[in-house]
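Working notes, beginning with the structure itself.
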Number of protein chains: 2
Amino acid sequence: MAVESSGATRKRPSMDDVAAEAGVSKAAVSKVIRNAYGVSPAMREKVESAIESLGYRPSISARSMRGSSFTVGFEIPQLANDFFTQVMQGAADELAGSGYQLIIAPAVGEVKGAPVLDALVDRRVDGIVAISPEVSPGWLERLGSSVPLVLLGRHDAAAHYDTVTNDDARGAQMVMEHLFGLGHRRIAHVTVGGSAEVPEDLLPHTIRRKTYAEAMAARGFVPAVTTSGPLEPEGYAAGLKLLSASVLPTAIFAGNDTLAIGALRARAELGLSAFDVSIVGYDNIDLASHPMMSLTTVDQFGRQSGSTAIKLLLERITAGRTQAVHEMIAPELRVRESTRPVTVASR
Amino acid sequence: MAVESSGATRKRPSMDDVAAEAGVSKAAVSKVIRNAYGVSPAMREKVESAIESLGYRPSISARSMRGSSFTVGFEIPQLANDFFTQVMQGAADELAGSGYQLIIAPAVGEVKGAPVLDALVDRRVDGIVAISPEVSPGWLERLGSSVPLVLLGRHDAAAHYDTVTNDDARGAQMVMEHLFGLGHRRIAHVTVGGSAEVPEDLLPHTIRRKTYAEAMAARGFVPAVTTSGPLEPEGYAAGLKLLSASVLPTAIFAGNDTLAIGALRARAELGLSAFDVSIVGYDNIDLASHPMMSLTTVDQFGRQSGSTAIKLLLERITAGRTQAVHEMIAPELRVRESTRPVTVASR
DNA sequence: ATGAAAGCGCTAACAG
DNA sequence: CTGTTAGCGCTTTCAT
């Protein structure tokens with residue numbers, strides 16, 4: 001009787017319809033779907049079968065006007081980056097089965113992070129995980145005081161949001177020691193341009209760059225920094241420029257694996273190999289371990305970062321934690337074949 | 001006066017607050033933010049400055065209860081696949097500046113497509129783009145009759161949703177001709193398992209597999225199909241199995257590039273090269289053109305598919321089109337170095 | 001051109 | 001344990 005099979009598009013049933021079908025009040029239905037306290041087994045039974053037979057699904061829009069949306073937003077600055085993909089996977093896996101739905105909002109083209117974060121808040125997500133290298137700490141503090149917020153890849157000593165990051169200084173230091181140990185002196189660095197909004201020492205790329213420059217200076221070598229966009233083709237362009245110069249670097253430390261893959265592309269295209277110029281990345285994306293790529297890099301445990309971020313967020317959402325937590329993951333160097341001892345010829 | 005700088009978290013302003021601040025009615029404010037007909041310049045001016053000074057942002061949840069949510073949902077079955085990333089990029093770029101926000105909902109782990117599509121509808125998105133190889137045509141027809149819907153990678157002759165796909169039979173045919181032309185006879189195929197819910201001839205992977213099997217049979221060769229999961233490690237496992245057998249295939253046609261990269265990993269790890277066994281993929285992800293990978297594959301223009309899907313969706317959303325459109329993109333073979341003429345030794 | 005009022009589908013007191 | 005009653009912040013008739 002509740003089942004109609006007419007072809008017409010019928011309005012989706014509301015809570016009122018369920019209440020009517022079950023012969024109970026709206027409030028009762030609400031309690032059942034929320035597993036709230038105070039429903040008799042009989043009531044639950046009636047309501048559930050009404051829900052079933054009507055195919056009722058609660059409107060999240062309506063729910064979120066009073067209660068929660070059971071939705072977690074994840075803002076990313078870029079789609080074409082396997083490291084971010086890895087992080088998102090960790091987050092998605094961690095969130096699975098929690099009753100919350102993950103929605104990913106990419107900041108694409110000219111749109112920086114803040115408008116996307118706003119868009120998420122406008123949609124009343126219960127919490128936000130973000131990778132937002134473009135947004136100022138002040139702006140984030142304000143956001144964090146009105147919605148549970150976890151930032152990935154930020155070294156902010158924030159009061160109103162959590163952070164999950166890796167020790168970029170340590171990671172970059174390991175890279176430099178590795179290269180120095182191989183005898184390299186003319187080491188170039190490719191970095192991703194930061195934002196004027198954000199202090200230098202808060203962002204992975206600027207910390208890596210700074211660590212690089214200091215390590216070079218400490219040995220009396222001349223730092224050579226190339227600023228690049230974040231995409232593989234841009235890493236390729238940077239690599240092409242460096243490897244077409246009159247005097248080549250013996251090694252390139254790319255700010256991340258995506259750029260390193262681009263640099264490898266340039267190196268291979270110019271007929272060069274690891275014996276001519278070493279290349280190091282940062283992130284340890286899955287591709288880095290591929291034997292045909294074999295990229296020396298720094299593992300910063302993307303999946304784990306993603307899942308940690310969700311854990312922290314859920315603490316804020318469900319347990320109501322309000323004190324900020326800042327997690328720092330210890331990075332590990334992965335030495336592979338893209339780096340070689342410097343040769344006599346190239347020295 | 002409207003600007004307060006207390007540290008306390010103040011409630012975000014509602015339309016009522018704006019109306020009060022501007023000294024007009026709620027309805028007037030609503031008209032202004034919707035650019036609706038019938039607002040005097042003076043009114044618009046007053047309202048806009050009130051919005052500005054209060055930092056007002058409309059609640060999408062509330063709006064979507066009567067009107068629209070200005071949100072487009074994109075469901076994907078997998079995060080770790082560069083082809084999907086490419087498609088999403090095309091979609092994101094096409095949607096940029098349209099006033100709609102893109103939200104991506106991944107179907108992760110055990111969760112198949114349908115629950116995620118439901119979650120999107122529960123959140124009242126204005127339209128959905130989906131890559132859902134697991135959902136039956138009937139289910140999709142029902143969904144499509146209640147919300148604008150575009151499916152990628154489906155060959156369904158659907159009445160209530162649009163499709164954007166490539167000619168998989170043609171693409172697979174080109175692969176087989178290429179391999180036959182190089183003298184290959186023992187060609188193995190790695191496919192992604194389909195769903196019992198969906199007829200064989202509607203899905204890219206099953207069409208490619210069928211085309212492969214027919215092409216082999218037509219030449220009197222024995223088809224050898226390995227079914228695999230969709231992840232790179234699974235492609236690797238399949239490759240490892242095939243390449244550790246007592247009699248090796250001379251070529252492997254992988255169902256997509258992700259699997260092919262996995263197969264390449266196995267090949268390289270076993271100390272084999274294209275001279276021993278050729279490997280072909282399908283998709284032409286960016287990595288395929290990398291000189292260190294150089295994967296022969298079929299270009300199915302992911303970015304273009306994504307942008308086409310959004311165009312079609314917007315036609316349904318804004319222009320109210322209701323007649324289904326089915327777009328088929330012509331694939332192109334990209335011959336690279338992962339395939340070689342069969343050698344005397346391996347023949 | 002503007003505003004008052006009803007209502008979208010739900011949750012949250014509060015009564016009974 | 002159950003139902004009634006207000007809203008949540010918008011959009012939408014319908015008057016004015």
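Each chain gets a letter, A, B and so on, in the order its sequence line appears, and its residues count up from 1.
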_By side chain to side chain contact (heavy atoms under 4.5 Å, CB included) - contacts of A:S305 (at least two apart)_ = A:L152, A:V164, A:I329
*Would you please name every residue forming a side chain to side chain contact (heavy atoms under 4.5 Å, CB included) with B:T322, sequence neighbours left out?*
none
*asked:* Would the distance check show the side chain of A:E141 and the main-chain N or O of A:A159 forming a donor-acceptor pair, the cut-off being under 3.5 Å?
replied: yes
*Check the side chains of B:S145 and B:H160 for a donor-acceptor pair under 3.5 angstrom, ignoring hydrogens and angles.*
no
Donor-acceptor contacts under 3.5 Å from residues 93-103 of chain B side chains, at least two apart:
unit_1: B:S98; atom_1: OG; unit_2: B:L95; atom_2: O; d: 2.6
unit_1: B:S98; atom_1: OG; unit_2: B:Y100; atom_2: N; d: 3.2

*Taking B:S132 for its side chain and B:V135 for its backbone only, find out whether a donor-acceptor pair lies under 3.5 Å.*
no
_Any A:V198 side-chain heavy atom under 4.5 Å of A:P133 side chain_ = no
_Test item: A:F74 and A:L120 side chains (from C-beta on) under 4.5 Å apart, heavy atoms_ = no
_What is the distance, to the nearest angstrom, from the OH atom on B:Y56 to the P atom on D:dG9?_
10 Å
*Do the side-chain N or O atoms of B:S59 get closer than 4.0 angstrom to the phosphate oxygens (OP1, OP2) of D:dG9?*
no
*When you measure from the side chain of B:D17 to the backbone N and O of B:S14, does any donor-acceptor pair fall under 3.5 Å?*
yes
*Partners passing side chain to side chain contact (heavy atoms under 4.5 Å, CB included) against A:S69 (at least two apart in sequence or in another chain)*: A:I60, A:S64, A:T71, A:D126
Side-chain donor-acceptor contacts of residues 28-37 of chain B below 3.5 Å, not counting sequence neighbours, with atom names and distances?
unit_1: B:S30; atom_1: OG; unit_2: B:R34; atom_2: NE; d: 3.0
unit_1: B:S30; atom_1: OG; unit_2: B:R34; atom_2: NH2; d: 3.0
unit_1: B:R34; atom_1: NE; unit_2: B:S30; atom_2: O; d: 3.2

_From CG of A:D122 over to C1' of D:dC10, roughly how many Å is that when rounded to an integer?_
13 Å
*asked:* Please give me every residue in residues 313-320 of chain A whose heavy atoms get under 4.0 Å of an atom in DNA chain C, ordered by residue number.
replied: none
*Residues touching DNA chain D, which here means a heavy atom under 4.0 Å, drawn from residues 39-52 of chain A*: A:V39, A:S40, A:M43
*asked:* To the nearest 10°, give me the bend of the helix from C:dA1-D:dT16 to C:dG16-D:dC1, comparing the axes of its five terminal pairs at either end.
replied: 40°
*Could you write nucleotides 11-16 of chain D as a row of B, S and -, 5' to 3', where a protein heavy atom under 4.0 Å of any base atom gives B, of only sugar-phosphate atoms gives S, and otherwise -?*
BB----
*Not counting sequence neighbours, which residues clear side-chain hydrogen bond (donor to acceptor under 3.5 Å, both in side chains) with B:R303? List them please.*
B:D286
*asked:* Less than 4.0 angstrom from a charged side-chain N to a carboxylate O is my criterion; do A:R63 and B:D122 meet it?
replied: no
*Residues two or more places apart in sequence or in another chain: which of them pass side chain to side chain contact (heavy atoms under 4.5 Å, CB included) with A:P148?*
A:L313, A:R316, A:I317
*Is B:P77 close to B:E134 at the side-chain level, that is, under 4.5 Å between some pair of heavy atoms?*
no
_Bounds of contact between DNA chain C and chain B, in 5' to 3' order, using a heavy-atom cut-off under 4.0 Å_ = C:dA1 to C:dG9
*Rounded to the nearest Å, what distance is computed from the CD1 atom of residue B:I60 to the C1' atom of nucleotide D:dC8?*
16 Å
